[in-house]
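To keep things clear, I will list the structure first and then write my remarks on it.
So that the names make sense, note that chain A is the first sequence line, chain B the second, and so on, each numbered from 1.
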Amino acid sequence: MLRMSTLFLRTLRDDPSDASVASHRLLVRAGYVRPIAAGIFSWLPLGVIVLRNVERIVREEMDRAGFQQVHFPALLPKDPYEESGRWDEYGPTLFRLKDRKGADYLLGPTHEEMFTLMVKGEYSSYRDLPLHIYQIQTKYRDEARPRSGIIRGREFVMKDSYSFDLDDAGLEVSYQKHRLAYISTFDRLGLKYNIVSAMAGAMGGSKSEEFLAPCPTGEDTYVLCKKCGYAANVEAMTTVVKNKDLETPPAIEVLDTPNTPTIETLVEVMNKKYNANIGAADTLKNVLLLADGEPICILVPGDREVDLKRVEANLPGVKEIRLFEDEDFAKRKEFVKGYVGPQDAKKFGIKLYADPRITVGSHWITGANIKDRHARYVTHGRDFQVDGFVEAAEVREGDACPNCETPVVIDRAIEIGHIFQLGRKYAEALKLTVLDAAGKSRTVTMGSYGIGVTRAVAAIAEQNHDEIGLVWPKEIAPALVHIVATGKDERPFEVAESIAIELENKGITVLFDDRKEASPGVKFKDAELIGNPMLVIVGKSLADGNVEVRDRKSGSKEEVPVGSVVSQLINLLK
RNA sequence: CGGGGCGUAGCGUAGUGGCUAGCGCGUCUGCUUUGGGAGCAGAAGACCGUGGGUUCGAGUCCCUCCGCCCCGACCA
C-alpha cells in the first residue's frame, strides 16, 4: 500500500513554465518525473510504478507470443557498429565516448548489431530457426532537437525485438506474429492507435508498419480515411490519378511572360495578358533537386508543393536529396530559375520524375527554359518523357483515398511502435549465416520490431487526461483505488485504513492519503492530479455509515455503505 | 544546424541604471482549522545561469559562453 504521508512525492500547484505538452506538464506537476537536462528525466516513485506497469504488459505479451527476453549492455564497444557501417552512418545522433585507454565506445541507440552477433555466436543451423528474441533497454540518441518532454527524449526505454528466419516466407510469418502481439499489447495499454503503412508498397522495399497513437501534440502526420479505414504515413500515401486533357493539344507555343518567376505571378499574367482563364493547377512546377549529388527534376502540378520526404522515401536507392540552391543554378546556366521546363531535359542531360498527376497525354503551361518566357501545350509523351513516376506532391486533407476515393483527413499522432521486415542488411554485414537442409550456407533474414516504452507512458498520458489531471487506464495507474480520509477525528482514518487493507488483500492496489495535516481540498486536488481510476472518500457521510466512491474518468459519484464498498469496487474495476 | 523566446529561492513570478532584490505557492515553528489547493503570527531559503565589459554605481545596458523551451531542418 502506498501512503501519501510517506510517499516521496511533491506535487506542484503551478504548471512548470517550460513544459508545453500535456503529458510533460502533468507528469511533472503530479510528481511522476523531474527534468534533468534536455530530453533527460528522472523518474520518481509514482513514475517508476507507471513505467514498470507498461514494461510488465509489454513483457507479458512478448512472452505470451513465445518470444524470449535477453539483455544487452547500454554501453557498447565500437567494433560491431564499425562493421555494420553505422559508426559512420549514424552521425552526430550517436552518443560516443572513450574509455581510459582511449578506446571508442557508444551508448546504444538501437541494438541490431548485438542481436545479430549474439545469434551468430550461438546458432548455425536452419533447424534453429525461426527465432524471436527481445530486450527492454535504455537507449541513447543525441537528438538534434529533443522535444515534447517524455515523447522524444535523448534517453528513453525501448522494447526492441528481432526475428530470424531462413527465407522471406518465414519472415512474413514472424512479422505477422509480431503484429498480433503488438495489437494485444497496445490494446492492454489502453491506447487508441492506428496501424499505418510506412512505406510505399508499389516502389518495392521492405514491408513496414507504424503503430500511431493519435493526439494533437504528436509529431507524426498521417492520412486517414474515415470511411474505409485506410491509414498511411504521408510518405506512403498513393495518389488516385484522374486523366485530364483527352483531346490532342496544339503544338508548343512560347509566350512572353515577363517577371513571372513564381506560379502565382505566372497565372496572373496568363490570365490578364493572354485571357487564358487558368489556375495554378494548370501549370507545371519543375523543381530541381540534387539526389546524391546528381541533378534531377521533379514535376508536380503548380498548385502543389514538392514534399521532399515523400520524394526521398519513394526514390529507390537515393540516400540524400536537397533543393537546388543559387550556387547550383550558377553552375548550371541552362537551368533558368523560375522558368524551368521539362521539354529540354534530354538536351540538358537531366532525369525527370513526375508526380502521378502528370499523366501521359496531359499538357501544361510551364517554363520555356528562357528568362521571362513560358510555354503552353507542353505535352507529356509528345514534348517530354519522364524517367519515372514518383509520389512527389504534398498530400492534402481532402485528397482521394486510394482504396475508396473518399476525401481523407490528415491527423497527428505519436509513433508508439514500428514493425518492419529488415531483411538481410545486418545479417550480411555481420555475416550471420546458417546451413540449410542441403548443407549450403544461407544468410538469415531478419525482422525488427520496436515499442517505445517511455514514449508509451507519455502517449497514454496525452490520450488520458483532462484539465485537472491525469486519468490512467486501470493496468497503468500507480494504484487502482485512491483513498482519501478527511476530518479531524481518528475514525475516518481507521475506516479508510481497514478498507485499504481489505482491498489490498483482494489484490486491488491502493494509494491511501493518510495525511492528517493536509486539508480536504488539497487531498482532492492531488487525487485528481495523480489520476488513479477510482477515488474513495471517507469523511462526512461516515455518520450515515457511507463513503463516497468516485470514478475519475466519468466524474460520477455514489454514496456506498462502508460494508459493501470493497465488493462494489471489485465489481467496478472488473 | 537556421529562426524565435527565456534564464531572479524547490515551483510560479515582480523588479524607469540608484537604499538591505519584492511577492504568491511550497518548506520550518507555534496556535487555530478539516468536504475543494484554509487562517493568524513568526522563520529559513537567492553567487539574479557564466565570464568579461561600460559606469561613481549593473538583476537592469553591451559582448562571450552555457543552459532551457518553441518553430523548422533532422530523426531504426
Side-chain angles (χ1 to χ4, degrees), chain A residues 9-21 24-25 28-31 34-40 81 84-86 89-94 108-113 115 139 141-149 151-154 156 158 160-162 198-199 206 208 210 217 219-220 235 308-309 312-313 320-323 415 417-423 425-426 446-452 455 468-469 484-493 513 515-529 535-543 546-548 550 557 559:
Chain A
L9 170 74
R10 198 105 303 163
T11 58
L12 303 178
R13 188 180 294 226
D14 300 305
D15 283 336
S17 64
D18 57 3
S20 54
V21 303
H24 187 192
R25 220 178 58 230
V28 171
R29 255 193 77 190
R34 288 288 178 259
I36 295 301
I40 302 177
Y81 286 78
S84 70
R86 288 209 294 186
E89 271 172 29
Y90 228 94
T93 305
L94 195 61
T110 164
H111 285 73
E112 278 84 354
E113 286 81 353
F115 275 90
K139 311 274 183 181
R141 291 184 200 171
D142 194 358
E143 296 283 354
R145 179 152 98 81
R147 70 181 94 188
S148 311
I151 295 173
R152 177 193 282 277
R154 293 192 294 172
F156 55 97
M158 172 178 251
D160 54 329
S161 38
Y162 299 85
M199 267 179 214
S206 336
S208 167
E210 287 171 357
T217 47
E219 50 182 332
D220 284 32
E235 283 88 337
L308 289 181
K309 282 186 155 184
E312 199 165 359
E320 191 195 6
I321 57 169
R322 67 167 176 85
L323 283 168
E415 181 188 342
H418 193 169
I419 54 178
F420 78 107
Q421 302 190 354
L422 242 190
K425 175 177 175 183
Y426 292 92
M446 296 168 57
S448 157
Y449 318 89
I451 291 178
R455 181 179 280 187
I468 56 175
V484 165
T486 67
K488 212 183 167 181
D489 302 334
E490 286 299 322
R491 193 153 135 70
F493 287 85
D513 196 339
R515 291 175 294 179
K516 293 264 166 53
E517 66 284 358
S519 70
V522 170
K523 293 178 178 178
F524 296 151
K525 292 285 186 208
D526 277 346
E528 285 150 356
L529 186 58
L535 175 59
V536 174
I537 303 163
V538 185
K540 229 179 189 172
S541 54
L542 198 57
N546 290 337
V547 296
E548 187 181 319
R550 283 193 208 173
K557 315 175 179 184
E559 290 291 332

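For the pair A:Glu312 and A:Arg322, the salt-bridge criterion is not met [side-chain N within less than 4.0 Å of a carboxylate O]. By the 4.0 Å N-to-carboxylate-O rule, A:Asp14 lies too far from A:Arg29 to be salt-bridged with it.
The gap from the C1' atom of B:G45 to that of B:G18 amounts to 27 Å, rounded to the nearest Å. For B:C66 and B:G49, the C1' atoms lie 7 Å apart once the distance is rounded to whole Å. Spacing between B:A41 and B:U33 at atom C1', rounded to whole Å, works out to 15 Å. The separation of B:U55 from B:C47, taken at their P atoms, amounts to 29 Å, rounded to a whole angstrom. Rounded to whole Å, the separation between the P atoms of B:G2 and B:U16 comes to 33 Å. Taking atom C1' in both B:A21 and B:G3, one finds a spacing of 34 Å when rounded to whole Å. Atom P of B:G36 sits at a distance of 42 Å from the matching atom of B:C48, rounded to the whole Å. B:G12 sits 16 Å from B:C69 when the C1' atoms are compared, rounded to a whole Å.
A:Pro35 comes within 4.0 angstrom of nothing in the nucleic acid, heavy atoms only. A:Lys309 comes within 4.0 angstrom of a nucleotide base, judged by non-hydrogen atoms across all strands. If you check every strand for non-hydrogen atoms under 4.0 Å, A:Ser148 touches sugar and phosphate atoms only. At the heavy-atom level, A:Ala38 lies under 4.0 Å from the strands shown only through sugar-phosphate atoms. Counting any heavy atom pair closer than 4.0 Å across all strands shown, A:Thr93 reaches no nucleic acid atom.
Residue A:Asp14 contributes atom CG, which lies 13 Å from atom P of B:A14 at whole-angstrom precision. As rounded to whole Å, 13 Å separates atom P of B:C69 from atom CD of A:Glu143. In this structure, A:Arg147 places its CZ atom 19 Å from P of B:G67, rounding to the nearest Å. Atoms CG (A:Asp15) and P (B:C69) sit 16 Å apart, rounded to a whole Å. Look at CG on A:Asp220: it is 12 Å from P on B:G72, rounded to the nearest Å. As a whole-Å value, the separation of A:Arg10 CZ from B:G45 P is 19 Å. Spacing between atom CG of A:Asp18 and atom C1' of B:C6 amounts to 10 Å, rounded to whole angstrom units. A straight line from CZ of A:Arg25 to P of B:C11 spans 18 Å, rounded to a whole angstrom.
Taking all atoms of both residues into account, the shortest heavy-atom contact from A:Tyr81 to A:Thr110 is OH-O, 2.7 Å. Counting all heavy atoms, side chain and backbone alike, A:Leu12 lies closest to A:Leu529 at O-CD2, 4.3 Å. Across all their heavy atoms, A:Gly487 and A:Phe493 have their closest contact at O-CE1, 3.5 Å. Contact record, A:Pro492 with A:Val538: O-CG1, 3.5 Å, taken as the closest heavy-atom pair.
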Exercise. Should A:Asp513 and A:Arg515 be marked as a salt bridge (charged side-chain N to carboxylate O under 4.0 Å, His left out) after you check the CA-CA gap, both sets of side-chain angles, and the distance that decides it?
Worked result: CA-CA 6 Å; A:Asp513 196 339; A:Arg515 291 175 294 179; 2.9 Å; yes
For this session: Start with the C-alpha distance between A:Leu308 and A:Leu323, add both sets of side-chain angles, then the distance that settles side chain to side chain contact (heavy atoms under 4.5 Å, CB included), and finish with yes or no.
Result: CA-CA 9 Å; A:Leu308 289 181; A:Leu323 283 168; 4.1 Å; yes
Exercise. Taking protein heavy atoms under 4.0 Å as touching, what does nucleotides 33-42 of chain B look like 5' to 3' if B marks base contact, S marks sugar-phosphate-only contact and - marks none?
Worked result: SBBBBS----
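For the residue pair A:Ser208 / A:Glu210, no side-chain donor-acceptor distance below 3.5 Å is found, with atom types taken as modelled. A:Asp526 and A:Thr11 share a side-chain donor-acceptor pair at under 3.5 Å.
Taking side-chain N and O atoms only, A:Arg145 has no distance below 4.0 Å to OP1 or OP2 of B:C1.
Summary of the strand contacts: A:Glu312 and A:Val21 both lie near RNA chain B, and taking for each the nucleotide with the nearest heavy atom, the more 5' one is attributed to A:Val21.
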Exercise. How does RNA chain B look in dot-bracket form if you count Watson-Crick and G-U pairs under 3.5 Å, write [ ] for pairs that cross, and put | where a base pairs with another strand?
Worked result: (((((((..((((....[...)))).(((((.......))))).....(.(((..]....))).))))))))....
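Formation of a donor-acceptor pair under 3.5 Å by the A:Ser541 side chain with backbone atoms of A:Asn546 is found in this model.
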